[in-house]
Enquirer: 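Okay, here's the structure, questions in a sec.
Note that ligands are numbered from 1 as they come in the structure, with each ligand's atoms numbered from 1 the same way.
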Amino acid sequence: MSLRTRLLLTHVFIIFLTLAILAVSLAFILRDYQRQVQLARLGDAVVPLAFQARAMLLNDVAPREALTRLQQQAGPVGSVLIVTDKGLVLADAAYGLTNRTINLTPVVRTEVPRGFFWGAHSVRPGRVLLYAAIAAGQIGGQNVYVALATDERPFFETLDEIGASLLLAGGITLIVSILVAILLARSIARPLTRLTQATEAIARGQYDHRVQARGRDEIGRLAKSFNAMAEQVQRARQMEKDFVANVSHELKTPLTSIQGFSQALLDGTANDLAGARHAAQTIFDEAARMARLVGDLLTLARIESGQMPLARDTLDLNDLLPRWVARLRARAAATGATLVTVLDPLPTIVGDAGRLEQVVANLLDNALKYSHAGGAITVTAKSTALVSATRSSILMWRHVAEPPPQNWITIAVTDTGAGISPDDLPRLFERFYRGDHARVAGGTGLGLAIARELVVAHGGAITVESELGRGSTFTIRLPV
Ligand code: ADP
């Protein structure tokens, strides 16, 4: 059964139930009201009878005689009964209750004059007598009441009377409510249907499919989350495609070279010693490039799948950092670059020395690769608080017993090289992303992606600032 049908049926059931409860309550309220009206009418009519009865009893008129006369005066309002204060009926014309006892329990509890009450007596099941009684004097030393009685109108008679209007009102309410329920069910079900269609579209591979996300209710939020998810899926798919294309391309270029030069060796095109040496060198370089690429890919895959366990050693960067930089001094000297290190005293951090060296070496390597000869490369390191906390906020932190803002170590590698264009900056840490000069420099475009993964795995972050033609600064932030 569809959601729409289920919603509709639920609505209709609730509407029916409400109407039924309403109808039954209304019938009971009406019956009560009717009883009050009947009792009030009897009460009004019995008062004048009491005067006459009193006079007759004083004159010792027999109860039956008195009854006949009183009934004449009462007319069609009700039948007269003469009852003792114990409930014994002394005379009754209509109900055959003479010499029987009736229930003298009052049904109306409101303040009534002394010697006056309203009552109800069940003659037999389904037939109830309503009466208003008033004290009329004494017969043979017993207090007697004159009562005016009438049949209570049966419940179903009341229902019959109002039934038609009740049905009409109920019918109109039902039709209107069902119409509203249909609209409501449709408005709830339609966005869900659209979402289902969109999910199916994504499953079919139409990753650009989106749904309309209106409103801030649950369905609106669901639609927004769906769109966000679809965007992620689309991006992931695109990255996957790009990745495969990039890997194939990166592997194909050196392979073509290797194939070409080995072919030249085989068919004797490079038969002189210099030619053979050149071919072998190219094959060697290209194979090394492929090995580097495959190595980088493996590193990335291992980091991503969590298969690269990071050591958690206590590291003293005051000692380590100069050593890491020193390893590249020879290369810097060869390119004519100046390597300057400016280190503040640093607190210890917890991390993997090998991996962090890989990151710093990669930044230095890039700085050397993308710098003009004779450029300057500066490595600075200092310890900073991430939040420049004001005195009051420190006091506040203390007050709520939370740790103060974390301290960080910042390592920056600044070069005076080519710089990076603003278009390239946001994509620099993506895999295989390479700037214009990179093709010449022979990089794989994976270095910064790996660096970022490793820094993030240490709980840190890596950022870049650059000005085209003036140089770049890569900054690593690591928690103390
Ligand atoms: P690659 O192997 O190409 O160096 P990276 O991931 O290390 O790959 O760097 C990505 C790209 O970022 C490089 O191709 C280059 O265009 C740019 N880049 C990185 N470092 C620098 C730098 N210091 N100066 C200018 N460009 C840089």
Enquirer: Whether the Gln281 and Asp285 side chains hold a donor-acceptor pair (N or O, under 3.5 Å, no angle test) is what I'd like checked.
Expert: yes
Enquirer: For ligand 1 and Leu428, I'd like to know whether there is a polar contact (N/O to N/O, distance under 3.5 Å).
Expert: no
Enquirer: I'd like to know if Ala418 contacts ligand 1, where contact means a heavy-atom distance under 4.0 Å to any ligand atom.
Expert: no
Enquirer: Please work out whether any backbone atom (N, CA, C, O) or any side-chain heavy atom from C-beta onward of Ile420 is under 4.0 Å from ligand 1, and answer side chain, backbone, both or neither.
Expert: side chain
Enquirer: Below 4.0 angstrom, N of the basic side chain to O of the carboxylate: do Asp242 and Arg431 qualify?
Expert: no
Enquirer: Look at ligand 1 and say whether Ser472 reaches it with a heavy atom at a distance under 4.0 Å.
Expert: yes
Enquirer: Below 4.0 Å from any atom of ligand 1, is there a heavy atom belonging to Phe474?
Expert: yes
Enquirer: Considering both backbone and side-chain atoms of Arg434, is one of its nitrogen or oxygen atoms within less than 3.5 Å of a nitrogen or oxygen in ligand 1?
Expert: no
Enquirer: Show the atoms of ligand 1 that are less than 4.0 angstrom away from any heavy atom in Leu448.
Expert: 5 (P), 6 (O), 7 (O), 9 (O), 10 (C), 12 (O), 19 (C)
Enquirer: Would you say the side-chain atoms of Gln197 and Arg194 include a donor-acceptor pair closer than 3.5 Å?
Expert: no
Enquirer: Identify, by atom number and element, the atoms of ligand 1 in contact range of Gly445, meaning under 4.0 Å from any of its heavy atoms.
Expert: 1 (P), 2 (O), 3 (O), 6 (O), 8 (O)
Enquirer: Does the side chain of Arg41 pick up a donor-acceptor pair with the side chain of Gln36 at under 3.5 Å?
Expert: no
Enquirer: Using a 3.5 Å distance criterion without hydrogens, assess whether the side chain of Ser262 forms a donor-acceptor pair with backbone atoms of Gln259.
Expert: yes
Enquirer: Side chain, backbone, both or neither: which part of Leu363 has a heavy atom under 4.0 Å from ligand 1?
Expert: neither
Enquirer: Count the heavy atoms of every other residue, nucleotide or ligand shown that sit under 6.0 Å from CE of Met229, and state whether that count exceeds 12.
Expert: yes
Enquirer: In terms of side-chain heavy atoms, does Thr5 have a donor or acceptor partner in Ser2 at a distance below 3.5 Å?
Expert: yes
Enquirer: Does any N or O of ligand 1 fall below 3.5 Å from an N or O anywhere on Gly419, backbone included?
Expert: no
Enquirer: Pairing donors with acceptors under 3.5 angstrom, does anything connect the side chains of Thr269 and Asp267?
Expert: yes
Enquirer: Applying a heavy-atom cut-off of 4.0 Å, say which part of Tyr433 lies close to ligand 1: side chain, backbone, both or neither.
Expert: backbone
Enquirer: Would you mind running through ligand 1 and noting each atom that sits below 4.0 Å from a heavy atom of Lys369?
Expert: 1 (P), 2 (O), 4 (O)
